[in-house]
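Below, all heavy atoms of this structure are taken into account, side chains as well, without hydrogens, waters or symmetry copies. In each ligand, atom 1 is the first atom listed, and ligand 1 is the first ligand listed. Positions are given from 1 along the sequence.
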Amino acid sequence: KKKVGVLVSGRGSNLQALIDAIVADPTFPAEIVLVISNVAGAYALERAAKAGIPTRTIPHKGFPSREAFDDAMDRELRAAGVEIVCLAGFMRLLSTAFTQGWAGRMINIHPALLPSFKGLHTHQRALEAGVKLHGCTVHLVTPELDDGPILVQAAVPVLPDDDSDTLAARVLEQEHRAYPLALRLVAEGKVTVDGPRAHVDAPGNGALMNP
Ligand code: GAR
């Protein structure tokens, strides 16, 4: 099994989805060996502890630079033997050196259909843009924010009465399907990167339609 480290900052529902997928399937090709939070007291840490997963809290404020903070995370990940890093609601920008050190082995989930709506407040921005389809993206991390080869996307409709909360909830449900699938594909070596694009050996090439 591939050893996975998960970086979190908050609620940790995507972490929970990964934990649940791993627990539900004894043949899942990955195991979570470490959860790191940059925020003390993040609920994600409780979820990890409950699942028996070691945790570290590394408050970013204690470091003189982004690079120094990233180095501290990097040391913990490598000491734990981590082979794949999952960003799951990790709300810090990462240095180029850190992202390059994990190239092809670090994945992120973003609550929009990239390349639309990079950055924050994606659901509100999707509503304001009037898009009819919204969703989430799991992608390989590159130095550019919310960029990098796309592994899995799931789409949901935007409904007339939606506000950002109802839309976020509909997307989140799909995040919890998309992330375990993407981790499985990376862990199984079913991802081939071809420049800016990733080919995934999966039904639908990683596209998840609404069930
Ligand atoms: C998720 O919706 C995730 O896609 C988003 O934050 C939320 C974290 O929820 N990530 C980003 O916006 C990354 N910039 P969670 O802590 O319950 O998984």
Locate the shortest heavy-atom distance separating [X] from [Y]; write the atom from each residue and the value.
X      : Y      : value
Arg105 : Gly101 : NH2-O, 3.4 Å
Arg66  : Arg92  : NH1-NH2, 3.5 Å
Pro149 : Gly195 : CG-O, 4.0 Å

(message) Does ligand 1 come near enough to Asp146 that some N or O of the ligand is less than 3.5 Å from an N or O of the residue?
(response) no

(request) May I ask you to check whether Asn108 has an N/O atom sitting below 3.5 Å from an N/O atom of ligand 1? (result)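 Min N/O separation from ligand 1 is not below 3.5 Å for Asn108.
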
(message) Suppose I only count heavy atoms of Glu175 and a 4.0 Å limit; which atoms of ligand 1 are within that range?
(response) 1 (C), 2 (O), 3 (C), 4 (O)

Looking at non-hydrogen atoms alone, which of [options] comes nearest to [atom]?
atom                    : options                      : value
atom 16 (O) of ligand 1 : Gly10, Gly89, Gly12          : Gly12
atom 14 (N) of ligand 1 : His176, Gln16, Lys118, Met91 : Met91
atom 12 (O) of ligand 1 : Ala17, Ser9, Pro111          : Pro111

(message) Other members of the hydrophobic cluster containing Leu93, with the 4.5 Å side-chain heavy-atom rule, please.
(response)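 Grouped by the 4.5 Å side-chain rule, Leu145 form the rest of the cluster around Leu93.
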
(request) Output the rest of the hydrophobic cluster of Leu34: all Ile, Leu, Val, Met, Phe, Trp and Tyr residues reachable through side-chain heavy-atom contacts under 4.5 Å, sorted by chain and number. (result) Leu7, Val33, Ile36, Ile58, Phe63, Phe69, Met73, Leu77, Val82, Val85, Leu87, Phe90, Leu94, Phe98, Trp102, Met106, Val141

(request) May I ask you to identify the nearest protein heavy atom to atom 15 (P) of ligand 1, giving residue, atom name and distance to one decimal place in Å? (result) Ser13 N, 3.4 Å

(message) For atom 7 (C) of ligand 1, what's the nearest protein heavy-atom neighbour? Residue, atom name and distance, please.
(response) Arg11 NH2, 4.1 Å

(message) Whether Glu31 and Lys1 form a salt bridge (side-chain N of Lys/Arg under 4.0 Å from carboxylate O of Asp/Glu) is what I want to check.
(response) no

